[in-house]
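We count residues from 1, following the sequence as given. This one's a predicted model, so the numbers in the text were calculated from it and none came from an experiment.
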Amino acid sequence: MLLTDRMDILDSSMALQAWRDAPGTASIDSVVAAQGRGFLPTARETVFRMGASENLWLRLRLQKPADATLNWLLIFPVPLLDRITLYQQNSAGQWLAQTAGDTTANADWPERGRYPQFHLALGAGQTKDIYLRLHHATPITLPVALVSEATHHHRLQTEYLALGLVFGAMLLLMLACLVQSWIYQDSTYAWYSLYAGTMMLAVAAYTGVAGHLLWPRWSAWADASQGSLGILGSAAAQLFIWHLCAIGGRYRRFSAASFWIGASCMLAAVVYALVDRASVGIWVIASALILTISLGLATALLCWRRGDEVGKWVLLAYTPMALAALLALAVVLGWLNASWVAQYTVVAAMGLEVPLLLVALNLRSRARHGAQTREEALASQDALTGLLAPHLFEDRLAQVVMRYKREKDPAAVVYIDLINHDRIKGYYGAAVAEQSLLRSVIKLRRLMRDVDTISRVGEARFGLIMEGVSSRHTVMQRAAQLIAAGLMPLRGLKPQVTLQFHAAAVLLGERILEPKLLADELGKLLAGMSGRTRRPIRFLEPENTVLMPLDSLRSLDLHSDFPPHVAQ
């Protein structure tokens, strides 16, 4: 291959020659001494399969013109590569070896990075043979590229910019979910943050970022982490979808099987790190990924099928990630070329999946919180009308009475009956009767102020506390408007049912009683009204004052307390 300054990127796959060293004992000196015997040209999409001890030797002849000035690197953009050693001669004719790959600590690579890369020592006008010794436990296609130094540095910056944007967004989402979990006391957001962190580590290991930046000195873990974290991330995704979709109520057996298979696949992540990857590990990862992906998609489909909006969002989020994971599995099995497309497809799918799953999580959390809120509201609100519960109304009434006794703050208490409720229920049924109660609440809310307390204190009885009201005129006006509004038929309502109200009221300034006695007196006043009465609004009479008799005044010894002219 001719390395001129006119091109800065060259695909060298077609120029490679390969030779298999089955025993794995050949040295660089023996290979050079053979003068290329046994080396054969390779096709671009060749899948290399090596045994446990077998090595693959590659040879590449490079020529740099005398007027060329660019410095070149030989790169292998495959973060999954186990071990590759580059041999090139120095000026003294000695063969120097440089090794990179997962089985070598990233800190010991000649050029640290996400994937193996080597500087080429080529002088202007020289022609040199480059030898490579490769070992990889699973089938692999080998993209090889020659890149100028300046172009390669620019590509690295672009790659890490894209990866940094995705991982930065992931970290921000994780932090936001942890804060939200603490604020709302919802552990589901914390589990989501843990799941997102697992997925981020799995993708970081697959793209080589983790080996470069997180564990550059742990070669054994760097080699096993890609498969182990891949299985763990896939199992975590499947279990999170199982929890989010919550289909156990309708599909019990499938839900139980899905949970236990997901939990077993988490154990498979540990098994993969301990077994031989070439013989057992490859089937462990293939089985785990296919099982978890299939179950995750099936769970989302069943959830969507029952009409749950969460299922649609889960399916929309998980499908790209499932396809990207299957693409990565095909690369591991050697079915597809290990190109940058496979790597960045997984990164893009993760960047799409995590926010969409967060939307699904928000929908599910909102539904669950809504149910909890409604459950908690039953203790403080009437289930049908949403008005204040009777026991809270009694507490509020006691507070108002106590405040009047202490500070003389005026207030009016009104009890209102929907007197034709029983007749509506008997003639039209319970549904229309409940509708009449809800219509009554709407009319009450339109006439009352926001500061007024309204409660349903009986089946068809409402209690009102109107604070700051000191005259009967205000109460009469509001009650008359309510009675008139009830007698006006609602346009389009079927059946045409009118509402008939009676009201009994008391001004605390006219008559002050204990809360329980006050409620009883208003109830008696309502019970004493006829259904055909012309006075549907009535008040408790003020307390009568007893006049002192005139004889008692005359018997007082006024002369002892007052001057004579006052006593006269």
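- Looking only at distances, a side-chain donor or acceptor of T319 sits under 3.5 Å from a matching main-chain atom of L315.
- Between K524 and D520 no salt bridge is recorded (no basic side-chain N to carboxylate O distance below 4.0 Å).
- By the 6.0 Å contact criterion, CH2 on W221 is enclosed, its count of non-hydrogen atoms from other residues, nucleotides or ligands being greater than 12.
- Under the salt bridge (charged side-chain N to carboxylate O under 4.0 Å, His left out) criterion, R423 pairs with no residue, sequence neighbours left out.
- Stacking of K425 on the aromatic ring of Y427 is not recorded, the 6.0 Å distance cut-off and the 45° axial limit not both being met.
- Formation of a donor-acceptor pair under 3.5 Å by the R456 side chain with backbone atoms of E459 is found in this model.
- Contact of the L499 side chain with the H421 side chain is not registered, since no non-hydrogen atoms from C-beta on lie closer than 4.5 Å.
- Judged by distance alone, the side chain of S455 and the main-chain N or O of L388 form a donor-acceptor pair under 3.5 Å.
- The ring-ring contact (aromatic ring centres under 6.0 Å, His included) test applied to W242 returns F259, not counting sequence neighbours.
- The backbone N or O of A503 lies less than 3.5 Å from no partner atom in the side chain of D417, so there is not a single donor-acceptor pair.
- For the 3.5 Å distance criterion, the side chains of N362 and Y189 qualify, holding a donor opposite an acceptor.
- Judged by distance alone, with hydrogens and angles left aside, the side-chain atoms of R449 form a donor-acceptor pair with the main-chain N or O of E467 at under 3.5 Å.
- Checked by atom type, the side-chain pair R538/T533 shows a donor-acceptor distance below 3.5 Å.
- Contacts classified as side chain to side chain donor-acceptor pair (under 3.5 Å) and involving residues 432-442 (residues at least two apart or in different chains) are not found.
- A salt bridge is defined here as a Lys NZ or Arg NE, NH1 or NH2 lying under 4.0 Å from an Asp or Glu carboxylate O, and R511 with E541 fails to meet this definition.
- Close placement of the F240 and Y192 rings is indicated, their centers lying within 6.0 Å of each other.
- The main-chain N or O of A269 is found under 3.5 Å from a side-chain atom of S228 such that the two form a donor-acceptor pair.
- A side-chain donor-acceptor contact under 3.5 Å links Y160 and H212.
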